[in-house]
K.L.:
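Got a structure for you, questions after.
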Amino acid sequence: MMFDIIIKNGNVVLRDGVKKVDIGIKNEKITCIAEQITDEANEVIDASGQYVMPGMIDTHVHISEPGRTEWEGFETGSKALAAGGTTSYVEMPLNALPATVNKEALDLKLDAAKTQNYVDYAFYGGLVPDNLDKLEELSDAGVLAFKAFLSNAGSDIPGDFTNVDDYTLYKGMQKLAELDQILCLHAENADITSKLEAEFIREGKTSAMDYPDARPVIAEVEAVQKALLLAKETGCKLHIVHISTSEAVQAILKARAEGVDVTVESCPHYFSMSAEDVEEIGAYAKCQPPLRKKPVQEKLWEELLNGNIDWLTSDHSPCTEDLKLQADNLFEAWGGISGAQNNVDLMFDLAVKQRGLSVNRFAELIATTPADRFNMPNKGEISVSKDADIILVDPNQSYTVKREDLYYKNKHSAYEGRKIDCRVTKTIVRGHVVFDVEQGIVGQPIGKLITK
């Protein structure tokens, strides 16, 4: 057989362990895994000294096109994802205008995305107070899951995303259970967080260390528990996004043991930075839920290392730089971290190299588990007949995050100046090399839409 690509000499991360095998790729698929492949190929990649693992599936990405394309577009966002080792992503229904809460808005997304993506992609539908009658049409149109906010979201701009009230959440979960859809939920109590933030601002308590106190642990835990109760009542499949506290993880585990179909994600920024770091970094590291103080962060690390967090996502939530810099205090700055380009390398360094997490468990966290949960049968693992979505990770390379190396439309990052002791050296999407550490982004956009 003539292969398109053969990857040789790497430490290949398979479901059942790390093995020294060759991988043969043809017609965008993994077609052979063997101790040695002697056939010819159009390209042979030497992965000596590197891990060869499934590309990341980032199920939490905000691309603000259309409507706020000046924040981030599909081209720049997908380049950053590719450079960071992501081979597929699911795009959130908010930050673009209009929000993806009906088929018309989804069609705008589909049209904008189809020729610009360097990695494969899919979309969420939104659950908001006025679109209960639109959920089925979004499901039929192929969205992979739905997203709702319990905390305040959006703005007064027509078409922007809005958070659910309890009635909408209950009725929406009933309908999504009928449709066999997953509801992904931003879980913070809106009343507590909004009123505490207003109170802190009035009192002049607007520092980096004040911010997590204005969005306290209890606001996350209460919202999680309410969602779990409604999921148990309605039978809706639930996924809790960007969890920042051990207490919330424990509530989720308890509900799962009682039969609730629930999974949970967290993000690299909750493990790599704390509220204490925000004092130095400033608004670039502001997000919701907030970065927690170090004792809370350490407990979250315990949950990750004990296997209690199902997968990792970036929650890439970019904006123009003025929205970070022009605020008089941290509370007024845009709350989102640009992180899509530093998921794999940063967490491999922190979790695998520094804390001893197994490489196999790491592959589950970034790829296998989200692929299984979101029903992507061709994604998420290195196995014959799967899509050839593969990354090469060099655990012995180090580099410093520099602004000029970022692919974001707005080249700012909370990680700027940080040294990372690991590097993604190559990203392959369905057998096409889209990023190489020496060449940068390679070729033209080849990303395809993933649907149910």
Side-chain angles (χ1 to χ4, degrees), residues 1-57 78-79 81-89 117-121 344-345 348 352 358-360 362-364 366-368 370-372 376-397 422-450:
M1 179 184 291
M2 169 66 79
F3 291 98
D4 297 323
I5 294 175
I6 296 175
I7 303 173
K8 302 182 74 69
N9 305 319
N11 301 304
V12 180
V13 184
L14 306 172
R15 272 204 194 238
D16 60 347
V18 179
K19 299 182 179 180
K20 206 83 160 182
V21 291
D22 293 349
I23 301 171
I25 299 168
K26 188 173 180 63
N27 296 329
E28 301 191 335
K29 298 286 186 180
I30 298 168
T31 55
C32 182
I33 299 173
E35 287 190 8
Q36 186 175 28
I37 298 175
T38 58
D39 301 79
E40 294 185 355
N42 294 324
E43 180 180 4
V44 176
I45 295 172
D46 183 0
S48 297
Q50 300 190 64
Y51 287 101
V52 181
M53 63 178 63
M56 182 169 180
I57 298 172
S78 66
K79 283 180 175 178
L81 287 159
T86 293
T87 52
S88 301
Y89 72 100
N117 274 281
Y118 284 81
V119 302
D120 288 351
Y121 59 96
V344 175
D345 54 13
F348 192 99
V352 178
S358 76
V359 177
N360 272 93
F362 183 77
E364 292 173 356
I366 67 166
T368 311
D372 290 345
M376 301 180 184
N378 296 316
K379 307 288 187 185
E381 65 176 306
I382 293 179
S383 179
V384 171
S385 81
K386 300 281 188 179
D387 286 350
D389 294 345
I390 296 170
I391 58 175
L392 273 60
V393 176
D394 190 340
N396 299 310
Q397 281 199 42
C422 171
R423 193 151 205 186
V424 174
T425 64
K426 203 176 292 287
T427 301
I428 301 168
V429 177
R430 286 179 289 101
H432 305 274
V433 176
V434 296
F435 171 78
D436 178 86
V437 71
E438 301 295 334
Q439 302 174 60
I441 296 296
V442 178
Q444 299 300 310
I446 52 86
K448 289 184 178 180
L449 176 68
I450 306 166

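Because only heavy atoms are used, hydrogens play no part in the values below, and waters and symmetry mates are left out as well, while side chains stay in. Every value quoted in this text rests on a predicted model; they were computed, and no experiment measured them.
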K.L.:
Apply side-chain contact (heavy atoms from CB on, under 4.5 Å) to residues Ile30 and Ile390 and explain how you reach the verdict.
P.N.:
CA-CA 10 Å; Ile30 298 168; Ile390 296 170; 4.1 Å; yes
K.L.:
Assess the residue pair Ile7 and Ile428 against the criterion (side-chain contact (heavy atoms from CB on, under 4.5 Å)); give the C-alpha distance rounded to whole Å, side-chain angles, the decisive distance to 0.1 Å, and a yes or no.
P.N.:
CA-CA 11 Å; Ile7 303 173; Ile428 301 168; 3.9 Å; yes
K.L.:
Which heavy atom in Ser48 sits nearest to a heavy atom in Asn9, and how many Å separate them?
P.N.:
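Shortest heavy-atom separation between Ser48 and Asn9 comes out as OG-CB, 3.3 Å.
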K.L.:
Does the side-chain contact (heavy atoms from CB on, under 4.5 Å) test come out yes or no for Val359 and Val393, once each step is laid out?
P.N.:
CA-CA 11 Å; Val359 177; Val393 176; over 6 Å; no
K.L.:
Start with the C-alpha gap between Tyr89 and Ile57, add the side-chain angles, then the distance that decides, and say whether side-chain contact (heavy atoms from CB on, under 4.5 Å) holds.
P.N.:
CA-CA 5 Å; Tyr89 72 100; Ile57 298 172; over 6 Å; no
K.L.:
Is any side-chain heavy atom of Ile33 closer than 4.5 Å to a side-chain heavy atom of Leu14?
P.N.:
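Touching, per the 4.5 Å side-chain cut-off.
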K.L.:
Rounded to the nearest 0.5 Å, what separation is found between the CG atom of Asp46 and the CD1 atom of Ile6?
P.N.:
12.5 Å
K.L.:
Please tabulate, one pair per line, all N/O donor-acceptor pairs under 3.5 Å involving side-chain atoms of residues 434-441, not counting sequence neighbours.
P.N.:
{"unit_1": "Asp436", "atom_1": "OD1", "unit_2": "Lys426", "atom_2": "NZ", "d": "2.5"}
{"unit_1": "Asp436", "atom_1": "OD2", "unit_2": "Glu438", "atom_2": "N", "d": "2.9"}
{"unit_1": "Asp436", "atom_1": "OD2", "unit_2": "Gln439", "atom_2": "N", "d": "3.1"}

K.L.:
Would you check if Lys20 and Glu35 make a side-chain contact, meaning some heavy-atom pair closer than 4.5 Å?
P.N.:
no
K.L.:
Please answer whether the main-chain N or O of Gly380 pairs with a side-chain N or O of Thr368 as donor and acceptor at a distance below 3.5 Å.
P.N.:
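Side chain of Thr368 to backbone of Gly380: a pair is present.
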K.L.:
Strictly distance-based, threshold 3.5 Å: is any side-chain N or O of Asn360 a donor or acceptor partner for the main-chain N or O of Val13?
P.N.:
no
K.L.:
How far apart are the closest heavy atoms of Lys26 and Met2, and which atoms are they?
P.N.:
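Distance-wise, the nearest heavy atoms are NZ-O, 3.0 Å.
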K.L.:
Roughly how far, to the nearest 0.5 Å, is OG1 of Thr425 from CD of Gln50?
P.N.:
3.5 Å
K.L.:
Less than 4.5 Å apart, side chain to side chain, heavy atoms only: is that true for Pro54 and Ile382?
P.N.:
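Pro54 vs Ile382: side chains touch.
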K.L.:
Looking at every non-hydrogen atom in both residues, tell me the closest pair between Glu364 and Pro370 and how far apart they are.
P.N.:
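Result for this residue pair: O-CD, 3.6 Å.
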K.L.:
Is there a donor-acceptor contact under 3.5 Å from the side chain of Asn378 to the main chain of Asp387?
P.N.:
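No; zero donor-acceptor contacts below 3.5 Å.
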K.L.:
Suppose we call two aromatic rings close when their centres sit under 6.0 Å apart. Are Phe348 and Tyr51 close by that rule?
P.N.:
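That pair passes the under 6.0 Å test.
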K.L.:
Taking Lys79 for its side chain and Tyr118 for its backbone only, find out whether a donor-acceptor pair lies under 3.5 Å.
P.N.:
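Checking the backbone N and O of Tyr118 against the side chain of Lys79, no donor-acceptor pair under 3.5 Å is found.
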K.L.:
If the condition is side-chain contact (heavy atoms from CB on, under 4.5 Å), which residues does Gln36 pass it with, not counting sequence neighbours?
P.N.:
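Once residues adjacent in sequence are excluded, the partners of Gln36 under the side-chain contact (heavy atoms from CB on, under 4.5 Å) criterion are Lys8, Asp22, Thr38.
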K.L.:
Can you name the closest pair of heavy atoms from Val119 and Ala82 and give their distance?
P.N.:
CG1-CB, 3.8 Å
K.L.:
Starting at CD1 of Ile366, measure out to OG1 of Thr86 and round the result to the nearest 0.5 Å.
P.N.:
7.5 Å
K.L.:
Give, for atom CG of Asp16 and atom CD of Glu381, the distance between the pair rounded to the nearest 0.5 Å.
P.N.:
9.5 Å
K.L.:
Minimum heavy-atom separation for Asp120 and Ile446, please, with both atom names.
P.N.:
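Smallest heavy-atom distance, with atoms named: OD1-O, 4.3 Å.
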K.L.:
Under the side-chain contact (heavy atoms from CB on, under 4.5 Å) test against Phe3, which residue among Ile25, Thr31, Asn42 passes?
P.N.:
Thr31
K.L.:
Give the minimum heavy-atom separation between Ile5 and Gly431, together with the two atoms involved.
P.N.:
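Result for this residue pair: CD1-O, 3.3 Å.
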K.L.:
Can you tell me how far apart CZ (Arg423) and CG (Asn396) are? Round to the nearest 0.5 Å.
P.N.:
13.5 Å
K.L.:
To the nearest 0.5 Å, what is the distance between CD on Glu40 and CE on Met1?
P.N.:
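If I round to the nearest 0.5 Å, the distance is 13.0 Å.
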K.L.:
Evaluate the side-chain proximity of Lys379 to Asp389: yes if any heavy-atom separation is below 4.5 Å, no if none is.
P.N.:
yes
